[in-house]
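Per chain, numbering begins at 1; letters A, B, ... match sequence-line order.
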Protein chains: 2
Amino acid sequence: MKNMILIGVWMLVIQSQSGLFAQHAPVSDHEVVEALVSEAISSQIAYRQLEWLCKNTAGRICGTPEAAAAVEYTFQVMKGMGLDSVWLQEVPVKSWRRGEPERAMIVSARTGNHPLAVSALGWTPATGEAGMSAPVVEVRSMEELNQLKDSEVQGAVVFFNQPMDPASFNTFSAYGKAAFQRTAGPSAASKRGAVACMVRSLNPETDDHPHTGITRFEEGVIPIPAVAVSTRGADLLSAMLKTDPGLRVWIRTTSVVGEEMISYNVIGEIRGSQHPEKIITVGGHLDAWESGEGAHDDGGGCIQSIEVLRLFKTLGIRPVHTIRAVMFMDEEVAQRGGQVYAAEASRKGEQHIAALESDRGVLRPLAMGISVDAEKMKSLASWSALYEPYQIDLVQGGGGVDIGPLRNYYPGIVFMGLIPDDQRYFRYHHAETDVFEAVDRREMQLGAAAMAILIYLFDQNPF
Amino acid sequence: MKNMILIGVWMLVIQSQSGLFAQHAPVSDHEVVEALVSEAISSQIAYRQLEWLCKNTAGRICGTPEAAAAVEYTFQVMKGMGLDSVWLQEVPVKSWRRGEPERAMIVSARTGNHPLAVSALGWTPATGEAGMSAPVVEVRSMEELNQLKDSEVQGAVVFFNQPMDPASFNTFSAYGKAAFQRTAGPSAASKRGAVACMVRSLNPETDDHPHTGITRFEEGVIPIPAVAVSTRGADLLSAMLKTDPGLRVWIRTTSVVGEEMISYNVIGEIRGSQHPEKIITVGGHLDAWESGEGAHDDGGGCIQSIEVLRLFKTLGIRPVHTIRAVMFMDEEVAQRGGQVYAAEASRKGEQHIAALESDRGVLRPLAMGISVDAEKMKSLASWSALYEPYQIDLVQGGGGVDIGPLRNYYPGIVFMGLIPDDQRYFRYHHAETDVFEAVDRREMQLGAAAMAILIYLFDQNPF
């Protein structure tokens, strides 16, 4: 590892004589960075918070009692931290209940019957108690669907079976290329007269776990039952269709779309010592798909955001600007938490100078992204050098679904993002595998430290 | 990510018209690197080999039937790959059997009795069937042991309880600072008259898994029973000693030190097309502690080494020099596999130009190390650029316990090493947690690709 370059020495404003820095100000950025990393990776606090959230509020998709429990828990955690303010912000959401565990079966006189592991896509209607059975037509793209004759699609289950490219190093890019099946496939199938839709799980591994997610029906299109099938199940169905093109699948879902109701963003802040009116937001989303525990997506990102505030408090760092941790509600469905947060900020005349989102899993951080141009990036070489001992890069980029709406009101806002390694991420994403045990304490905490470092540096020297 | 720089175009020697490169030579280094990564991360072959090794030869510390099975399995795997040669190289080893699961108990009239999770250190003698019970004296360093009175140590169990620093970002460095307790603690305790030794597990996490390993008794010192205790057990014992300094621990181990016997290094090679007499070695060690399955330490490193040869074969890359995969025996105990390999190479007049070792876990690769000076490193900027899209650095360093002895005979040999992220490694190291399920397929395979890339580049352009 190369030597670090110290870029400046700051007088920290010491908070009530406490904290590691109370004894020997001034401290260098290098010292602050080292202290943030050491405190983060040796602490158990955030990891135990994540455990509680995962084990006691699993199933916290918006509109559920579990989501309400997650709101209450993170509110209480932040209340207990001695922050300057902690509050709830109302977010209207529409509820949905998955109902009984979904079932599906390949039904074929020629090859025998075989169960399939499936999971209803969010906010899709139920098949009804008895389930439904129909022939299957397999496609890999919208083009293939469009080329089918009406007689082939009408009354059938359209089966989208385009794998996420396992040979793509960038798993988010592979996800982006295959996600159309889940987000737009059921709507397109319904438009052509299909009675249901089955979508290959967006998972580069071959296993038995269905990966759910939201789907959207276009205006005027009748919603139809739609399920994700595990990658192994999709391979099996595809192989059996070759042997018996006339086979049928039986699907049973009992989901219920509910009413509009009120949920909340949970917000806590440390007020800035010099510019309390200028706000830096750090957040993740509190809602999570109910098949797993929402550990990586995105309970971990929420807890990391709280941990940023805890690191500041524990080390006695009083920020220049106001630092606000936000647990956004409803990212997985309609992203109303992020929209409400930005609109309310504008309505109240708040000044937002930066926002950081963690919603790519809480795996080993490889980089921090920051939304600056190439020229500005060069001027941040000293910040890069501070990250280098931890094998974390500082790269152009940043933003996210929940902080994104802030830019509508604050065009100059600086967006930042945690960029963890993504090789493992999609084996957990929206699946029953996304549990507390899939999170490594040190990886999550190194991410929290990386987030705190960037917020600290920006807070001391904003642009 | 920055753009890649293509450093040259090579004519690949095509192997029997097969392989991805048969159709369109010449190919650029950039194309080869991309093909190596894509093939590696999308293949299941090596992962299934690791599963077989872990599930069928767990307990393969040298001298055991499980070690013999691992020799046979990897020999058969390489035999089935169509390599140019596959053979066994005799390695004399000394066997040891752990016996029945170890037991230990805190015995205290004041605080009650509490079981401790322990694991005998390798090659230590047994307590005997009835076990032994003795008072405990806790120390954190050799200095503290030295300062104790004879009366405090004689007849006691010396309890080394210096934690691996959880706040150290570099876990290998934290391990290095705490490892003296396990490697030299029991010998020092015996010298002072202790009847047994208990060592805090070398694990930065607080949990219930003992982490074993080898210990060495100095010449003339009587070996005594010695066990690793889980970090949580060590914390408990330390706390109870404060309440009841007169408590005793009871320890029962039934290990048996066996006889000298013959085991093997397993070796397979692809002969070089232009310089078959010059050899590049890539290897890991086949023996593994018996508490887990030796997935990260170091079954994964062995399978990655085989995978390097498979990648060359599958992509139709015929190397200029001979590439040899070696599964070394006996790394965990006396490192005789590496010593034999180097001595035999010299005796036969072989020319060894480079060697790469993977023995730091098969986690997400962050860097490849290469043993060159700073000046030479600068000239490898084009190689660094080829790694950059994968967020893998090329850094100075390289070497390892098994390839190390080669330098005694080949002073100019270039050493290389896989450097994975080490945040998670020591929760698995030498413990029952080091199982197949703790290995992520893509992380392991990205490591194999990173190894193959460096061997490919060096093979094409050695120095």
> Between A/Leu446 and chain B, which part of the residue has a heavy atom less than 4.5 Å away: side chain, backbone, both or neither?
Replying inline: side chain

> Which atom pair, heavy atoms only, marks the closest approach of B/Ser38 to A/Ala167?
Replying inline: OG-O, 3.4 Å

> Is there a side-chain contact between B/Arg442 and A/Glu205, using heavy atoms and a 4.5 Å cut-off?
Replying inline: yes

>> Using a strict threshold of under 4.0 Å (side-chain N to carboxylate O), is an ion pair present between B/Arg424 and A/Asp440?
In response: no

>> To the nearest 0.5 Å, what is the distance between CG on B/Asp393 and CG on A/Asp393?
In response: 7.0 Å

> Which atoms of A/Gln44 come close to chain B, meaning under 4.5 Å heavy atom to heavy atom: side chain ones, backbone ones, both, or neither?
Replying inline: side chain

> Is the number of heavy atoms from other residues, nucleotides or ligands under 6.0 Å of A/Lys55 NZ greater than 12?
Replying inline: yes

>> Is B/Ser43 in contact with chain A via its backbone, its side chain, both, or neither, using a 4.5 Å heavy-atom distance?
In response: neither

> Among A/Leu363, A/Ile41, A/Asp165, A/Thr206, which residue forms the greatest number of heavy-atom pairs with chain B at distances under 4.5 Å?
Replying inline: A/Ile41

>> Check this for me: A/Glu375, atom CD, are more than 12 non-hydrogen atoms of other residues, nucleotides or ligands nearer than 6.0 Å?
In response: no

> Which of the residues A/Leu366, A/Val37, A/Thr171 is involved in the greatest number of heavy-atom pairs with chain B at under 4.5 angstrom?
Replying inline: A/Leu366

>> What's the separation between atom CZ in A/Arg364 and atom CD in B/Gln391, rounded to the nearest 0.5 Å?
In response: 10.5 Å

> chain A heavy atoms under 4.5 Å from B/Arg441: which part of the residue, side chain, backbone, both or neither?
Replying inline: both

